[in-house]
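Numbering of ligands and ligand atoms starts at 1, following listing order. Hydrogens, waters and symmetry mates are skipped; everything else that's a heavy atom, side chains included, is used.
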Amino acid sequence: MSLPERVVVVDVGPRDGLQNEATALSVDERVAFCDRLVAAGLPVVEVGAFVSPKWVPQMAGSDAVLRRVAPREGVRLPVLVPNRTGYDNARAAGARAIAVFTAASETFNRKNVNASIAESFARFAEFVPEARRDGIWVRGYVSTCFGCPYEGKVAPEAVLDVARRLVDAGCDEVSIGDTIGVAVPTQVSDVMGRLRDALGPARLAVHFHDTRGTALANVLAALQEGIAIVDSSAGGLGGCPYAPGASGNLATEDLLYMLHGMGVATGVDLEAVAAASGAVGRALGRALPSKYLQACASA
Ligand code: HMG
Ligand code: MG
């Protein structure tokens with residue numbers, strides 16, 4: 001089996017995870033969560049979102065979270081930014097990395113950010129060039145790459161087109177999202193193979209939700225296509241407020257268990273991540289979906 005020697009794990013739990021929880025965690029709890037993930041060795045932790053608190057109240061206070069998370073040399077702490085207002089707020093809070101987001105399907109993008117895909121790109125043009133001049137690292141997300149909750153099937157050509165436009169718009173990295181967890185490995189091989197051939201493997205990440213239990217199989221398919229950046233969420237927290245039925249992201253613990261077992265290095269301490277998730281599960285008052293955590297709890 002052809003696998004990368006090392007994978008960069010991007011933990012999106014404090015953002016993608018917590019944005020969809022019924023219970024909003026306090027700034028203190030979110031800072032502690034991020035600090036524990038950074039201490040566990042995660043090279044990238046997405047700490048919050050500078051979106052409208054009317055749309056996503058769970059991410060209110062992301063400025064305070066970003067200001068307080070202890071930085072660590074070499075660790076990136078991106079925040080989600082939908083528009084110029086979000087960029088200005090993120091910069092004021094000291095952001096050094098941002099993530100813009102759009103989709104491969106029009107209806108999802110409209111529901112998520114009240115804009116067409118073209119309008120989203122027009123918004124990005126209002127701040128991404130400046131961000132680059134400011135030395136800010138920029139990630140671009142493409143949602144609904146393997147299926148849309150409103151439009152159904154999504155053509156690989158549409159994914160390719162949006163991903164290419166994000167690179168052209170100035171993104172350093174593009175994360176290919178299975179927002180509602182419908183992808184299967186053969187489809188992942190097809191889409192990621194095309195993207196790799198078009199854009200090169202180094203700036204591509206995959207972002208799977210585990211709604212139908214296919215996320216780890218999809219990661220394996222992506223690794224075999226040469227992708228070595230994988231998003232996941234501590235504990236398997238997560239979902240998307242504008243994607244009905246979207247359950248948690250692939251759990252970081254489950255991903256690490258598989259990668260380490262296959263001899264793929266990550267530099268992340270699995271038990272330390274599990275401890276961070278355990279604290280969040282207690283704060284939320286529920287058991288988190290990570291299979292690894294469940295196996296530990298029942299051992
Ligand atoms: P809108 O209502 O069309 O915006 O929302 P607007 O420009 O008309 O402004 C309306 C109000 O919002 C104004 O305030 C603005 O100042 C304010 P008012 O005058 O009414 O008091 N506003 C803001 N406030 C704070 N921060 C901002 C901001 N912008 C405007 N940045 C908007 C447009 C994009 C703001 C809104 O639709 C929004 O915030 N959407 C967020 C959606 C979201 O966070 N979705 C989840 C993240 S994406 C995801 O999970 C997918 C991903 O994980 C990958 C995958 O799985 O596929 C990344
Ligand atoms: Mg997501």
Side-chain angles (χ1 to χ4, degrees), residues 10-21 24 44 46-63 66 78-93 95 98-105 107-117 119-124 126-127 138-150 154 159 162-163 166 171 173-183 191 205-211 215 218 229-234 236-252:
V10 176
D11 200 297
V12 296
R15 192 279 304 169
D16 206 359
L18 296 182
Q19 77 182 7
N20 205 38
E21 288 294 332
V44 190
E46 201 167 75
V47 303
F50 286 76
V51 297
S52 163
K54 286 186 195 134
W55 285 61
V56 187
Q58 296 89 335
M59 289 292 101
S62 286
D63 53 343
L66 180 60
V79 289
L80 225 56
V81 168
N83 55 16
R84 177 84 221 185
T85 306
Y87 179 68
D88 290 340
N89 294 342
R91 284 292 282 148
I98 61 170
V100 299
F101 54 107
T102 184
S105 61
T107 316
F108 178 81
N109 202 62
R110 170 74 56 194
K111 299 263 187 200
N112 197 29
V113 290
N114 199 24
S116 68
I117 296 169
E119 284 164 346
S120 280
F121 276 97
R123 289 176 182 173
F124 303 157
E126 291 172 12
F127 62 93
V138 184
R139 164 179 260 216
Y141 278 105
V142 191
S143 286
T144 59
C145 294
F146 302 93
C148 169
Y150 308 104
V154 172
V159 180
V162 175
L166 282 169
C171 291
E173 180 176 295
V174 177
S175 176
I176 301 300
D178 182 19
T179 314
I180 54 169
V182 289
V191 173
V206 284
H207 178 109
F208 295 117
H209 286 255
D210 203 24
T211 321
N218 290 336
I229 308 171
V230 181
D231 299 359
S232 61
S233 163
L237 285 161
C240 175
Y242 298 101
S247 73
N249 293 77
L250 166 62
T252 304

Heavy-atom pairs closer than 4.0 Å: do any link ligand 1 to the side chain of Met59, the backbone, both, or neither? neither

Please find the pair of heavy atoms, one from Gly238 and one from Asn249, that lie closest to each other, and give the distance. CA-OD1, 3.8 Å

If you look at every heavy atom in Phe50 and Ala93, which pair is closest and at what distance? CZ-CB, 4.0 Å

Which option out of Val81, Thr179, Asn114, Asn89 puts a heavy atom nearest to atom 3 (O) of ligand 1? Asn114

On the 0 to 90° scale, with breaks at 30° and 60°, tag the His209-His207 ring pair as parallel, tilted or perpendicular. tilted

Contacting atoms of ligand 1, where contact means under 4.0 angstrom from a heavy atom of Asp16: 50 (O), 53 (O)

Structural part of Asp178 in contact with ligand 1, heavy atom criterion under 4.0 angstrom: neither

Region of Lys111 that comes within reach of ligand 1 [heavy atoms, distance under 4.0 Å]: neither

Donor-acceptor pair, Glu46 side chain versus Val12 backbone, under 3.5 Å? no

Please work out, at 4.0 Å between heavy atoms, whether the side chain, the backbone, both, or neither of Ser52 comes within that distance of ligand 1. both

So is there a nitrogen or oxygen of Lys54 less than 3.5 Å from a nitrogen or oxygen in ligand 1? yes

By number and element, which atoms of ligand 1 are closer than 4.0 Å to a non-hydrogen atom of Ser143? 51 (C), 54 (C), 55 (C), 57 (O)

Looking from the Mg ion (ligand 2), what is the angle between NE2 on His207 and OD2 on Asp16, to the nearest 10°? 90°

Looking only at heavy atoms, is any part of Ala49 under 4.0 Å from ligand 1, and if so is it the side chain, the backbone, or both, or is it neither? neither

Is it true that Glu173 and Arg139 have a side-chain N and a carboxylate O under 4.0 angstrom from each other? yes

Taking 4.0 angstrom as the limit and counting only heavy atoms of Leu80, give me the atoms of ligand 1 inside it, by number and element. 47 (C)

Closest non-hydrogen atoms of Tyr87 and Val81, given as atom of the first, atom of the second and distance, are N-CG1, 3.4 Å

Would you please determine whether Pro53 falls within less than 4.0 Å of ligand 1 on a heavy-atom basis? yes

Give a yes or no on whether the ring-centroid distance for Tyr141 and Phe101 is below 6.0 angstrom. no

Is there a side chain to side chain donor-acceptor pair (under 3.5 Å) between Asp11 and Ser232? Walk through the geometry before answering. CA-CA 5 Å; Asp11 200 297; Ser232 61; 4.7 Å; no

Go through the steps to decide whether Thr144 and Ser105 satisfy the test side chain to side chain donor-acceptor pair (under 3.5 Å), and finish with yes or no. CA-CA 6 Å; Thr144 59; Ser105 61; 3.0 Å; yes

Those atoms of ligand 1 less than 4.0 Å from some heavy atom in Val56: 43 (C), 44 (O)

Have a look at ligand 1 and work out which part of Asn83, if any, has a heavy atom under 4.0 Å from it: side chain, backbone, both or neither. side chain

Can you find an N or O of Arg123 that's nearer than 3.5 Å to an N or O of ligand 1? no

Would a distance-only check, ignoring hydrogens and angles, find a side-chain to backbone donor-acceptor pair under 3.5 Å from Ser143 to Ala103? no

Which of the ligand 1 atoms, numbered from 1, are nearer than 4.0 Å to a heavy atom of His209: 56 (O)

Should you measure from each heavy atom of Gly86, which atoms of ligand 1 turn up under 4.0 Å away? 31 (N)

Using a 4.0 Å cutoff against the non-hydrogen atoms of Asn112, which atoms of ligand 1 qualify? 37 (O), 40 (N), 41 (C), 42 (C), 43 (C), 45 (N), 46 (C), 48 (S)

Distance-only, no hydrogens or angles: does the Arg84 side chain make a donor-acceptor pair with backbone N or O of Glu126 under 3.5 Å? yes

Side chains of Ser116 and Asn109, donor plus acceptor under 3.5 Å: no

Structural part of Val51 in contact with ligand 1, heavy atom criterion under 4.0 angstrom: both

Just jot down the ligand 1 atoms closer than 4.0 angstrom to any heavy atom of Phe50, in number order. 26 (N), 27 (C), 31 (N)

